[in-house]
Structures are given as C-alpha cells and as structure tokens.
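Naming convention: chains lettered A, B, ... in sequence-line order (proteins, then strands); numbering from 1 in each chain.
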There are 2 protein chains.
Amino acid sequence: MPASGDPRPCSIADTLAVVGEKYSLLVLREVCLGNGRFDQLVRNIGAPRDVLATRLRRLVDADVLQKHVYSERPRRFEYRPTQAGLELEPVLMTLMAWGDLHLRKDDDRPMVIEHICGNELVPTVTCTACGGEVRHENLMAHPQAPGWSVTGPTAP
Amino acid sequence: MPASGDPRPCSIADTLAVVGEKYSLLVLREVCLGNGRFDQLVRNIGAPRDVLATRLRRLVDADVLQKHVYSERPRRFEYRPTQAGLELEPVLMTLMAWGDLHLRKDDDRPMVIEHICGNELVPTVTCTACGGEVRHENLMAHPQAPGWSVTGPTAP
DNA sequence: CCAGCGAGTAGGAAATCCAAACTCACCATA
DNA sequence: TATGGTGAGTTTGGATTTCCTACTCGCTGG
C-alpha cells in the first residue's frame, strides 16, 4: 500500500498508507508490548521474515518505530515505538474493543488491558471539546479540499 | 488477509482480518458518508473493480455492510453500514486525526468533521470507566490466553 | 574449532493485484 | 427497431507481492 493512490485527499488514506499494510499494526502491537526484536516479531506475528523486514524499514522511515541498539559486539537491535507510534496505540485499543464485541460473542477475550485507574479498559472515542461520545449520528462532514462529494446523512 | 494467521489469539488481528485488507476501511469511509454505490466507490477510492467486488462481499459476509436495493427493475444496490459497521467509524476518526497531526504539519486538512456539540471534532480515546485519556503509560496488559509473552514496560 | 544465535538476504513458486474490456439487464431517444 | 447509455459487476492476462525455505554474516560460548 505504498503511496495513498486515493483519488481524494484524505488523512485516513494517508495514515493507512503508512500503517495499513498487512502486519504493520501487529508489529506495532508487539512493539508496544515490548517485544521488539526481529525474531520475537517473526514468532509472535507469524509474518515471513522478508516481509517483516520490509515493513520495519517502512515504519522506521515513517517515524513510527525507531531502531534501538541493545548490544554492540555483536551488534543487536530492537525496535521501539516513537512518540508518533505510541499515539497509534489508541487505534489498536479501539480495534481490539471492536473485535472483542463483534467477533467473540462469548466472553473469551484473549487479552485484557488495565487502565491506570484500576478498571479494565473499555475504550470510548470522545470529542475532546465536549467529552461526548463519537457516534455516527453525531457527526457532520465538511470537506475542505476539492474532490469530495458527500451525499448521505452525514452531509452538511 | 483472510484468516487471522496470527499465532496468538488476538482481537486486533481478528478485526484486521475483517477490515484490514487494502481498501476495506476506505470503503467504510465512503459508505459512512453515504456514497455506497459501486461506481461511486470505484471512483472515490480508486480501487480496481474486481478487488472492490471481493472486498464488498467480504464486508457483507462479516456483517459490516449491508446490500440495500434502491431500485427494482432495473435492480440496483447500494451498500450501507450495519450497526457493527457504524461502530467502526470511531476508528476512522482516530486514524484521520493521527494523519492530520503527523502527516501534515501545516494546517491543510482535507476534511473537517463537526461534532454535534458544534465544535470541530478532535477525537480522544478515553477509558469508559474513569474518562481518562488512553495513553501508553497508563496501560497494563493482562494476557488471558496462552501464547502471550509480554516483556516490556506495558507488562503487568 | 565447531555449534548456535540474532538479524536479516536470496530465489523461485504461489497468490494477489491491476487495467481494460466485456457482460447482462434495463431504460431513453429517434 | 436500432442506437446509445447506465449500473453493477465478471473476465482476462500480465505485473506485483507474498510466501517459504534456505542461506549469509558477525559474533560468542564451550
């Protein structure tokens, strides 16, 4: 998914051009958990080594990950999230919550995240201004750039 | 990205197996905007028609989209988000916000979303229990299923 | 000296993707 | 009645990517 070949200018497409390729977000998951070494990534994600190497290069180029030396002689690296990478973690949490809700009717969550408040994390996406929940009915799209036509219920 | 070939049980991987293939989330973007007809999707997303047809089948099978007849004779369809599909819109908003922030330093956002509160939407992912922001430093992972090893700063 | 590990590369088969053309059913015009 | 147009795909055949296995390279530990 190299350039965002999207005919519309769009930050969703642009973001997906960076982290939307197969395995990229799983790499981020592992790296956020602290499992940032190449062979760990191979084992934990199940990606072919060459594809993984390509993804890692791209994520480093895009400043989502950073290579970190944890041993000179022999020189060994570990991948860690940058600030920008860490700011994608909420996306992962939201994806996880959707999967937990819609892809497993019974309560067999493979992973539970605890928030610092002590409760089990159930993420909600909210409006920073008012704190209200972000739901489709509460949104209205305002295209700023040419190339957009909006016909539906979300239209202004 | 058919089955989640991930060696670990994981709702992130499972969700990506449904909506993580190329174009799938852009389809959802269009459909949420009300542009749900096949040729609109082709034009607006820039995807090859056959790939798009495959994606649409998968998204309907996964109950993210629904085919809606808007004309008998000639029979014509339109794709619309299901409830589950609408619940992925927050993911799109979060991806858009990340792209706006990290992929365009200057203020040239191609699309602005207005929240019902009247303000421009800046989405934040929060903990439903305490309302606090979801940030890496505030999270702790608790694997529930075998196959997980967590070594890093997020570890319990 | 030999085996092993971490972090990748290399090579070719298999699966996907892509663009353009084609289908099929229907409607509108002339 | 032919002629063209639209919407929603399917077909076709070649260009890319992925996938899998094996290999490398630098180093270390016994």
Nearest-Å distance for atom pair [atom1]/[atom2], residues [X] and [N]:
X	N	atom1	atom2	value
A:Asp39	C:dA7	CG	C1'	7 Å
A:Glu72	D:dT28	CD	C1'	16 Å
B:Arg58	D:dG9	CZ	P	18 Å
A:Ile45	D:dC19	CD1	P	12 Å
A:Leu52	D:dT17	CG	C1'	15 Å
B:Asn35	D:dA8	CG	P	12 Å
B:Glu21	D:dT17	CD	C1'	14 Å
B:Leu59	D:dG9	CG	P	13 Å

message: Donor-acceptor pair, distance only, cut-off 3.5 Å: does the side chain of A:Thr94 make one with the backbone of B:Val91?
response: no
- request: Report yes or no: does A:Gln40 contribute a side-chain atom to a donor-acceptor pair with the main-chain N or O of A:Arg37 at less than 3.5 Å?
  value: yes
Under 4.0 Å: is that the gap between some side-chain N or O of [X] and OP1 or OP2 of [N]?
X	N	answer
A:Tyr79	C:dG8	yes
A:Lys67	C:dG8	yes
A:Tyr23	D:dC19	yes
A:Lys22	D:dC19	yes

List the atom pairs, donor and acceptor, that lie under 3.5 Å between side-chain atoms in residues 125-134 of chain A and the rest of the protein, sequence neighbours left out.
from	atom 1	to	atom 2	distance (Å)
A:Thr126	OG1	B:Thr124	O	3.2
A:Thr128	OG1	B:Val122	O	2.4
A:Thr128	OG1	B:Thr124	OG1	2.5

With the 4.5 Å side-chain cut-off for hydrophobic clustering, are [X] and [Y] part of the same group?
X	Y	value
A:Val51	A:Val64	yes
A:Leu28	B:Leu103	yes
B:Leu101	B:Trp98	no

- prompt: Out of D:dA8, C:dC18, C:dA7, which nucleotide sits closest to the side chain of B:Tyr70?
  reply: D:dA8
message: Nearest to the B:Pro74 side chain among C:dA7, C:dC27, C:dC18, which nucleotide is it?
response: C:dC27
message: Taking any heavy-atom pair under 4.0 Å as a contact, classify B:Arg37: base, sugar-phosphate, or nothing.
response: sugar-phosphate
- request: Just call it for A:Arg73: base, sugar-phosphate, or nothing, with non-hydrogen atoms closer than 4.0 Å on any strand.
  value: sugar-phosphate
statement: By nearest-heavy-atom nucleotide on DNA chain D, the more 5' of A:Ala47 and A:Arg75 is A:Ala47
- request: Could you verify whether a donor N or O on one side chain and an acceptor N or O on the other, from B:Glu120 and B:His115, lie under 3.5 Å apart?
  value: no
message: Between B:Arg76 and B:Arg55, which residue's closest nucleotide on DNA chain C lies nearer the 5′ terminus?
response: B:Arg55
Under-3.5 Å N/O pairs linking protein and nucleotides 10-15 of chain D:
from	atom 1	to	atom 2	distance (Å)
D:dT10	OP2	B:Arg57	NH1	3.4

field: B:Arg75 to B:Tyr70 six-membered ring, cation-pi geometry met (6.0 Å, 45°)
entry: no
